[in-house]
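Along the sequence shown, residues are numbered consecutively beginning with 1. All values reported here derive from a predicted model rather than from experimental measurement.
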Amino acid sequence: MKKIRESKEIYDHIKIPGELRQIVDNTLNEQVGKVNSGINKFKDNLVVHIFKYTITAAAVLIICFTVALNTNEVFAKGLDNIPVINSLAKVLTIRSFKNVNDNQSISVKVPGVELNQGDKSGLVGQDKEKQEKTEQFVTDINKEIEQIVNEYVAGAEKSIEEYKQAFIQTGGTEEEWKQKDISIKVDYDVKYQADDYLSLVLTADESWCSAYGKKYFYNLNLKENTQVSLKDILGEDYILVSNESILSQMKKRVQENTDYIYWSIAGNGSSDIEGFTSVDENTNFYINEKGNPVICFDKYEIAPGFMGVQEFEIIK
């Protein structure tokens, strides 16, 4: 009996997430409309029976889901990437376009951070002033991303035009130029999205010159309205922790693949070429699905180009 009473107390104190309650209410209202529109005097009893069954099933679903969410850690962590459950913001494609002419293709997706409508009124307990600051912080981030994309595309188009002129002036023909496959692509990837944190990577590439590829990293704490740093995640010793982990991973990769080279660090690379030395406050990284920082180095930055972009997950 004691266990039963304790279980009942736990059940009575279970809080159903507001978002879930709203979703179920909307669904039930929709079903009510469908039932009312289709009901007739010959099927009254059958429709009422089905409707009662629907309500009961929905109620049981809410209870089971809520109990699992509050009592099962693995289940709860598995929901981290579902914005409706616990994410303060989401990332949307606010503008996209694709232009194709001659041999040139431009494909662009511009991301934008948007606060979830269900949370904007409360913003996890923030007062009005803090809400306004959060909204302004998001607005500033979106403006910066928009500016980066616009400037990158304009600069890429200018570079390609200069490349074309040089090609023609050195003996190339218009027909030969048209045979080239030149593209500009801007896209993004949401790496982590849960609670107050959002990690987004904006990528811009040009197929005709891979060295021009660029990545922009946004690791946001929307509760504090700040960009998250390695120090925030790894603590005061973030430099030591990161450096030791990166060097260890480099050595392991070289052992597993003898073609790999990290300049001045591991492999058969030249000691005259400066490679990795240390992370600092400006080192690029994103947050992965585990909540760990992944430090990123551009192509050619610490290794030959054939190795591409190099990433190192730092386990907290």
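At least one donor-acceptor pair closer than 3.5 Å links the side chain of T134 to the backbone N or O of K130. The backbone N or O of T283 sits less than 3.5 Å from a side-chain atom of D280, completing a donor-acceptor pair. Using a distance-only test at 3.5 Å, with no hydrogens or angles considered, no donor-acceptor pair links the side chain of K180 to the main chain of K164. In terms of modelled atom types and a separation under 3.5 Å, the side chain of D195 and the main chain of Y197 share no donor-acceptor contact. Checking side-chain atoms of N150 against main-chain N and O of E146 turns up a donor-acceptor pair under 3.5 Å.
The shortest heavy-atom contact between F137 and N221 is CE2-O, 4.3 Å. For the pair A89 and Q193, the tightest heavy-atom approach, listed with the atom from each and the gap, is O-NE2, 2.7 Å. Nearest heavy atom pair, residue F217 against residue Q227, reads O-OE1, 4.4 Å. Scanning all heavy atoms of the two residues, the minimum distance from N243 to F276 falls at OD1-CZ, 3.4 Å. Residues I302 and F297 come closest through the heavy atom pair CD1-CD1, 3.6 Å. Nearest heavy atom pair, residue T173 against residue F167, reads O-CE2, 3.6 Å.
Put simply, the side chain of Y286 does not reach to within 4.5 Å of the side chain of K215, judged on heavy atoms. Annotation: side chain of E311 is not in contact with side chain of I295 (no heavy-atom distance under 4.5 Å). Side-chain contact check for P111 versus I94: every heavy-atom pair is 4.5 Å or farther apart. With a 4.5 Å cut-off on side-chain heavy atoms, I287 and I233 count as touching. Residues E313 and P293 form no side-chain contact, since every pair of their non-hydrogen atoms from C-beta on lies 4.5 Å or further apart. Two residues are said to be in side-chain contact when any heavy atoms from C-beta on lie closer than 4.5 Å; K191 and E289 fail this criterion. Side-chain contact between V91 and L198: present, with at least one pair of heavy atoms (C-beta onward) separated by less than 4.5 Å. Residues Y163 and I182 form a side-chain contact, since some pair of their non-hydrogen atoms from C-beta on lies under 4.5 Å apart.
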Q: Could you give me the CA-CA distance, side-chain angles and deciding distance for Q249 and S245, then say whether side chain to side chain donor-acceptor pair (under 3.5 Å) is met?
A: CA-CA 6 Å; Q249 291 182 61; S245 179; 2.9 Å; yes
Q) Passes side chain to side chain donor-acceptor pair (under 3.5 Å), Q147 versus E151? Steps please. A) CA-CA 6 Å; Q147 182 178 355; E151 291 180 354; 3.0 Å; yes
(Q) Checking K98 against V108 for the side-chain contact (heavy atoms from CB on, under 4.5 Å) test, could you report, in this order, the C-alpha distance in whole Å, the side-chain angles of both residues, the deciding distance, and whether it holds? (A) CA-CA 6 Å; K98 186 170 184 178; V108 176; over 6 Å; no
Q | Derivation of the side-chain contact (heavy atoms from CB on, under 4.5 Å) call for L222 and V138 | A | CA-CA 8 Å; L222 296 171; V138 169; 3.9 Å; yes
(Q) Quick one, E144 with Y216, criterion side chain to side chain donor-acceptor pair (under 3.5 Å). Give me CA distance, side-chain angles, the key distance, then yes/no. (A) CA-CA 11 Å; E144 180 177 309; Y216 304 87; over 6 Å; no
Q | Check against side-chain contact (heavy atoms from CB on, under 4.5 Å), V186 and V110 | A | CA-CA 8 Å; V186 178; V110 183; 6.0 Å; no
(Q) Quick one, I145 with L200, criterion side-chain contact (heavy atoms from CB on, under 4.5 Å). Give me CA distance, side-chain angles, the key distance, then yes/no. (A) CA-CA 11 Å; I145 292 175; L200 168 71; 4.0 Å; yes
Q: Any chance you could lay out the side chain to side chain donor-acceptor pair (under 3.5 Å) test for Q310 and Y262, step after step, and finish with the verdict?
A: CA-CA 10 Å; Q310 291 293 295; Y262 291 102; 2.4 Å; yes
(Q) What verdict does the salt bridge (Lys or Arg N to Asp or Glu O under 4.0 Å) test give for K185 and E206, after you've listed the backbone C-alpha separation in whole Å, the side-chain angles of each residue and the deciding distance to 0.1 Å? (A) CA-CA 6 Å; K185 183 178 180 180; E206 299 166 45; over 6 Å; no
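Checked options E135, K133, Q136; the residue passing with N225 is K133 (criterion: side chain to side chain contact (heavy atoms under 4.5 Å, CB included)).
In this structure, CD1 on I184 lies 11.0 Å from CG on D205, to the nearest 0.5 angstrom. Distance check: E114 CD to L92 CG gives 5.0 Å after rounding to the nearest 0.5 Å. Taken to the nearest 0.5 Å, the CD atom of E224 stands 9.5 Å off from the CG atom of D232. The OG atom of S278 sits 5.0 Å away from atom CD1 of I239, with the distance rounded to the nearest 0.5 Å. Note: L220 CG to D196 CG = 11.5 Å, rounded to the nearest 0.5 Å. Atom OG of S242 sits about 5.0 Å away from atom CG of L230, to the nearest 0.5 Å.
Under a hydrophobic clustering in which Ile, Leu, Val, Met, Phe, Trp and Tyr are joined whenever their side-chain heavy atoms come within less than 4.5 Å, directly or via other members, V309 and M307 fall into different clusters. Cluster annotation: Y192 and V201 are assigned to distinct hydrophobic clusters (Ile/Leu/Val/Met/Phe/Trp/Tyr, side-chain heavy-atom contacts under 4.5 Å, transitive). Taken together through direct or relayed side-chain contacts under 4.5 Å among Ile, Leu, Val, Met, Phe, Trp and Tyr, I160 and F97 form part of one hydrophobic cluster. By the rule that hydrophobic residues join a cluster once side-chain heavy atoms approach within less than 4.5 Å of another member, V254 and F306 end up as members of one cluster. Neither F285 nor V294 shares a network with the other; the hydrophobic side chains, linked directly or stepwise wherever heavy atoms of I, L, V, M, F, W or Y lie under 4.5 Å apart, form separate groups for each.
No side-chain N or O of N142 forms a donor-acceptor pair with one of T139 less than 3.5 Å apart. Between the side chains of T203 and D187, not a single donor N or O lies within less than 3.5 Å of an accepting N or O. Side-chain atoms of E175 and Q179 form no donor-acceptor pair, as typed in the model, at a separation below 3.5 Å.
Within a 6.0 Å sphere centred on CD of E281, heavy atoms belonging to other residues, nucleotides or ligands number 12 at most.
Within the cation-pi definition used here (under 6.0 Å to the ring centroid, within 45° of the axis), R253 qualifies as a partner of F312.
The ring of Y300 has its center no closer than 6.0 angstrom to the ring center of W263.
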